[in-house]
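Let me begin by presenting the structure, written as structure tokens, before commenting on it.
Only a predicted model underlies this, so the values are computations on that prediction, with no experimental measurement involved.
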Amino acid sequence: MSAEACQETAEHSALLKLLSALFYAGSSFLITVVNKTVLTTFRFPSYLCLGIGQMIMTVIVLYAAKKGETVQFQDFDRTVLLKIFPLPLLYVGNHITGLASTKKLSLPMFTVLRKFTILMTMILEAYILRKTFPKCLVYSVVTIVLGAMIAASSDLAFDAEAYAFILLNDAFTAASGVYTKKKLGDKGLGKYGVLFYNALIIVIPTVLASLFTGDLHKAVTFEDWVKATFVLCFLMSCLMGFVLMYSIVLCSHYNSALTTTVVGAVKNVAVAYIGMFVGGDYLFSWANFLGLSICMLGGLMYSYFTFNNKNPSGSNTEGAQKLKSDTTEGSAKKYFVV
């Protein structure tokens, strides 16, 4: 990472970092509830078509904003595909497995198993972005994952297929977050270009896949389209799909991919607590409750260390080398390390 990029990241105020994290947490909470309503309460038969609706909404909103000169990003050309790859593949995998696991799992167990995304994100950031992490953050992540394992040990509604979907979703989410952080450095695309071309590139293949599997026919012939409440919830889910993706990119821009993932985990624990009283599909046990509480403790520890330290996410090797070189030479210049 260049010294200029490091300085730009360091100059993000603590308030912007915190607000972007809260925005993501709120968006993630709302879309989880709305998706659960559409897929479970109304029994909408196609999570794939719900994902298509969210992609189309993203394209429409950003295209209209670009035409209205509200936002700016690169016009489409052959270089866009090279710049954006492999985000579209990770995006569709994240969308499909996420919606499938939301439909098949209870809200509390969905939030528990999502914690493994954090460990995967930390590993990928270390491998792809060459980042190192302070021990306090590593211990916080271990605490969150340990709590998830304790909570999951008491799950009396085990579903192998649902568990497979959620673990795949964890892997796609981790890879998507890390590569999104990496792609945000491209000045041609920017955060809006990343969102727009992700959705635009994958929407047509996803529609064809839903047509081939029969999901599109099930969605079109769904009987509740005549109900205003269902249509409102469906449109809300589509809109929230765009808002969620924007909040993820914004949080990753001002923070790190790992911080974005941990914020989502803390939000999920809050959802799990609510799921104990709302929804009717939670099977209470003390082990599950204890595990969730440990997860929350780990998340709060991470949040405290992150938002109360100047360099919470560790530093990449290049930035550290520059800082060391600067100190050795006795230069008066200052370098910011991510």
Side-chain angles (χ1 to χ4, degrees), residues 26-64 91-111 113-114 155-166 168-169 172-173 198-246 268 271-272 274-283:
S27 301
S28 184
F29 172 79
L30 288 176
I31 195 172
T32 300
V33 174
V34 173
N35 283 346
K36 190 70 175 176
T37 301
V38 172
L39 295 171
T40 303
T41 303
F42 286 101
R43 300 185 183 278
F44 185 66
S46 176
Y47 54 82
L48 191 59
C49 289
L50 183 60
I52 291 172
Q54 294 173 353
M55 297 173 205
I56 292 175
M57 182 67 75
T58 299
V59 171
I60 292 174
V61 171
L62 289 178
Y63 182 78
Y91 179 86
V92 70
N94 187 25
H95 239 74
I96 293 172
T97 55
L99 290 171
S101 56
T102 299
K103 182 176 181 179
K104 293 177 176 294
L105 283 174
S106 68
L107 274 177
M109 289 314 304
F110 172 82
T111 60
L113 295 176
R114 286 287 288 163
D155 183 20
L156 303 179
F158 181 83
D159 186 331
E161 183 181 1
Y163 277 40
F165 270 119
I166 195 64
L168 282 173
N169 185 232
F172 279 121
T173 301
N198 258 336
L200 181 65
I201 290 171
I202 64 178
V203 68
I204 295 178
T206 308
V207 170
L208 293 176
S210 67
L211 181 63
F212 178 77
T213 58
D215 268 26
L216 187 60
H217 176 72
K218 293 178 182 178
V220 171
T221 58
F222 184 58
E223 59 184 10
D224 282 354
W225 284 114
V226 296
K227 296 181 179 179
T229 52
F230 169 75
V231 174
L232 180 62
C233 288
F234 185 88
L235 292 177
M236 181 67 72
S237 175
C238 293
L239 180 61
M240 286 305 304
F242 161 70
V243 173
L244 176 65
M245 292 309 301
Y246 176 67
N268 285 341
V271 173
I274 294 173
M276 295 177 186
F277 306 99
V278 179
D281 55 358
Y282 176 71
L283 301 175

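The only option from I56, L50, T58 that meets the side chain to side chain contact (heavy atoms under 4.5 Å, CB included) definition with Q54 turns out to be L50. Residue S237 forms a side chain to side chain contact (heavy atoms under 4.5 Å, CB included) with just one option from L244, N35, L39, and that option is N35.
Minimum heavy-atom separation, S28 to I31: O-CG2, 3.4 Å. Smallest separation of non-hydrogen atoms from V59 and A199: CG2-CB, 3.7 Å. Between P45 and K218 the shortest heavy-atom distance is CG-O, 3.6 Å. Smallest separation of non-hydrogen atoms from M55 and V203: SD-CA, 4.0 Å. Scanning all heavy atoms of the two residues, the minimum distance from V243 to S27 falls at CG1-OG, 3.4 Å.
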>> Would F222 and F230 count as a ring-ring contact (aromatic ring centres under 6.0 Å, His included) here? Give the steps.
In response: CA-CA 11 Å; F222 184 58; F230 169 75; 4.9 Å; yes

>> Using the rule given for side chain to side chain donor-acceptor pair (under 3.5 Å), can you reason through T97 versus N169, listing the C-alpha separation, both sets of side-chain angles and the distance that settles it, and then say yes or no?
In response: CA-CA 5 Å; T97 55; N169 185 232; 3.1 Å; yes

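For the atom pair L62 CG and L200 CG, the distance stands at 10.5 Å (nearest 0.5 Å). With rounding to the nearest 0.5 Å, the separation of CG in L48 from CD1 in I52 is 5.0 Å. One finds the CZ atom of F42 at 11.5 Å from the CH2 atom of W225 (value rounded to the nearest 0.5 Å). Taken to the nearest 0.5 Å, the OG1 atom of T37 stands 10.5 Å off from the CE atom of M236. The OG1 atom of T229 sits 14.0 Å away from atom CZ of F234, with the distance rounded to the nearest 0.5 Å.
A donor-acceptor distance shorter than 3.5 angstrom exists from the side chain of T213 to the backbone of S210, with no hydrogens or angles considered.
Around the CG atom of L208, the shell of radius 6.0 Å holds more than 12 heavy atoms that belong to other residues, nucleotides or ligands.
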